[in-house]
Amino acid sequence: MMCSTLYRTLEECILVMDVEFGKEIESAISWAKERLGSQEYPLRCLAFVEDAYERSNGIEMWGGSDARESAGLYDAHKNTGAPPAGAFVFYACSGLVDGEFKDWGHVALALGNGEAIHAWDIVRIDHYMEICHLQAAPGWSQPELIGWAPVERVLAGIQKKQWD
């Protein structure tokens, strides 16, 4: 179910999401915070936020092959303003990867209160708007906020999975 068709306000939608996905959100955020300072996810921001949900909840989720593609699939541009805890926050961001230059995008996991955790040079926490001002790697553009996708959207179609 999509909140936008069932609830009159975003606040009502978030309240229901917190009830329906509270455990999954809490587990994902805890898993992500345990990796603060990690350098395990260079150029793999989408893998980081997906792993936060998948590995902490024993699920497998389905998105795009990169953050920019996922932003399109999840219609992130439709959601503006401060993202609720658990949402994926998407940015446009171009650079060179394996000889290909394109807009790969960037994504962070919203923690609530405007903060987001993401894999940049290291796994770190920044205000979701300050991510747009981070020093980009040589040859990369500054991130530009696209919008965010609610947890109910990013978890649509999940399946149980046993991770190592």
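Start at 1 with the first residue, then count along the sequence. What you see is a predicted model, and the numbers here were worked out from it, not measured in a lab.
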Undergrad: Before you tell me yes or no, could you show the steps for Y41 and D51 under side-chain hydrogen bond (donor to acceptor under 3.5 Å, both in side chains), namely the whole-Å CA-CA distance, both residues' side-chain angles and the distance that decides it to 0.1 Å?
TA: CA-CA 11 Å; Y41 288 90; D51 280 357; 2.7 Å; yes

Undergrad: Can you give me the closest heavy-atom contact between A87 and P150, atom names plus distance?
TA: CB-CA, 4.4 Å

Undergrad: Does atom CD of Q142 have more than 12 heavy-atom neighbours, drawn from other residues, nucleotides or ligands, at distances under 6.0 Å?
TA: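 Result for CD/Q142: enclosed.
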
Undergrad: Please say whether more than 12 non-hydrogen atoms of neighbouring residues, nucleotides or ligands are located less than 6.0 Å from CD in E69.
TA: yes

Undergrad: Thinking salt bridges, do D75 and R153 make one under a 4.0 Å N-O criterion?
TA: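 Here D75 does not pair with R153 in a salt bridge, since their nearest N and O are not under 4.0 Å apart.
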
Undergrad: Angle between ring planes, F48 versus W31, binned at 30° and 60°: parallel, tilted or perpendicular?
TA: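 Rings of F48 and W31: tilted, as their planes differ by 30° to 60°.
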
Undergrad: For W148, is there any backbone N or O sitting under 3.5 Å from a side-chain donor or acceptor partner on N79?
TA: yes

Undergrad: Report the distance from atom CD of E50 to atom OG of S70, rounding to the nearest 0.5 Å.
TA: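 Going from the CD atom of E50 to the OG atom of S70 covers 6.0 Å.
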
Undergrad: Assigning hydrophobic clusters by single linkage (Ile, Leu, Val, Met, Phe, Trp, Tyr; side-chain heavy-atom cutoff under 4.5 Å), is I125 placed with V49?
TA: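 Per the 4.5 Å side-chain linkage, I125 and V49 are co-clustered.
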
Undergrad: Do S27 side-chain atoms and K23 backbone N/O form a donor-acceptor pair below 3.5 Å?
TA: yes

Undergrad: Which heavy atom of F90 sits nearest to which heavy atom of A76, and what is that distance?
TA: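 The pair with the smallest heavy-atom distance is CD1-CB, 3.6 Å.
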
Undergrad: Distance from L155 atom CG to I59 atom CD1, nearest 0.5 Å?
TA: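 The CD1 atom of I59 is 5.0 Å from CG of L155, to the nearest 0.5 Å.
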
Undergrad: Keeping N57 on the side-chain end and E24 on the backbone end, is there a donor-acceptor pair under 3.5 Å?
TA: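 Yes: the side chain of N57 pairs with the backbone of E24.
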
Undergrad: Determine whether L145 and M129 satisfy the following criterion, side-chain contact (heavy atoms from CB on, under 4.5 Å), listing intermediate values before the conclusion.
TA: CA-CA 8 Å; L145 182 65; M129 291 300 294; 3.6 Å; yes

Undergrad: Do D126 and H118 make a side-chain contact, defined as non-hydrogen atoms from C-beta onward lying under 4.5 Å apart?
TA: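 They are in side-chain contact.
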
Undergrad: Checking E130 now: which residues fulfil side-chain hydrogen bond (donor to acceptor under 3.5 Å, both in side chains) with it, not counting sequence neighbours?
TA: none

Undergrad: Which heavy atom of L73 sits nearest to which heavy atom of G63, and what is that distance?
TA: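 That would be CD1-C, 3.7 Å.
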
Undergrad: Do the side chain of W120 and the main chain of Q135 share a donor and acceptor less than 3.5 angstrom apart?
TA: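 Pair found, side chain donor or acceptor close to backbone of Q135.
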
Undergrad: Test of understanding: clusters of I, L, V, M, F, W, Y form through side-chain heavy atoms closer than 4.5 Å, transitively. Do L109 and I122 belong to the same one?
TA: no

Undergrad: Is there a side-chain contact (heavy atoms from CB on, under 4.5 Å) between D66 and R68 once you walk through the steps?
TA: CA-CA 6 Å; D66 57 56; R68 182 60 180 197; 3.6 Å; yes

Undergrad: I need the minimum non-hydrogen distance between Y53 and G86, along with the two atoms involved.
TA: OH-O, 2.7 Å

Undergrad: Is there a path of hydrophobic side-chain contacts, each under 4.5 Å between heavy atoms of I/L/V/M/F/W/Y residues, joining L36 to I25?
TA: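 Cluster IDs for I25 and L36 match.
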
Undergrad: Test of understanding: with salt bridge (charged side-chain N to carboxylate O under 4.0 Å, His left out), list the residues that count as partners of D121, not counting sequence neighbours.
TA: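 D121 satisfies salt bridge (charged side-chain N to carboxylate O under 4.0 Å, His left out) with R124 once adjacent residues are dropped.
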
Undergrad: Taking atom CD of E144 and atom SG of C132, what is their separation to the nearest 0.5 Å?
TA: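 One finds 7.5 Å between CD of E144 and SG of C132.
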
Undergrad: Check the orientation of Y91 and H106. Use parallel for under 30°, tilted for 30 to 60°, and perpendicular for over 60°.
TA: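 The rings of Y91 and H106 sit tilted, inter-plane angle from 30° to 60°.
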
Undergrad: Is a side-chain N or O of S141 found less than 3.5 angstrom from the main chain of S94, in a donor-acceptor match?
TA: yes

Undergrad: Which atom pair, heavy atoms only, marks the closest approach of G105 to A67?
TA: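 Taking every non-hydrogen atom into account, C-CB, 3.7 Å.
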
Undergrad: Return yes if some donor-acceptor pair links the side-chain N/O of D103 with the main-chain N/O of C93 below 3.5 Å, else return no.
TA: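 Yes; judged by distance alone, with no hydrogens or angles, the pair exists.
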
Undergrad: Determine whether a donor-acceptor pair (N or O, by modelled atom type, separation under 3.5 Å) exists between the side chain of N113 and the backbone of E115.
TA: no

Undergrad: Check whether more than 12 heavy atoms from other residues, nucleotides or ligands sit under 6.0 Å from atom NZ of K78, and answer yes or no.
TA: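 Check fails, neighbour count at 12 or below.
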
Undergrad: Go through it in stages, so that I can follow the logic: the residues are I117 and R35, the test is side-chain contact (heavy atoms from CB on, under 4.5 Å), and I'd like the CA-CA distance, side-chain angles, deciding distance and then a yes or no.
TA: CA-CA 10 Å; I117 189 166; R35 281 141 186 91; over 6 Å; no

Undergrad: I need the minimum non-hydrogen distance between L46 and S65, along with the two atoms involved.
TA: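 Looking at all heavy atoms of both residues, the shortest contact is CD2-C, 4.2 Å.
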
Undergrad: Run through the side-chain heavy atoms of Ile, Leu, Val, Met, Phe, Trp and Tyr, join any pair under 4.5 Å, and report what else lands in W140's cluster.
TA: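 Besides W140, the hydrophobic cluster comprises L43, V97, W104, listed by chain and residue number.
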
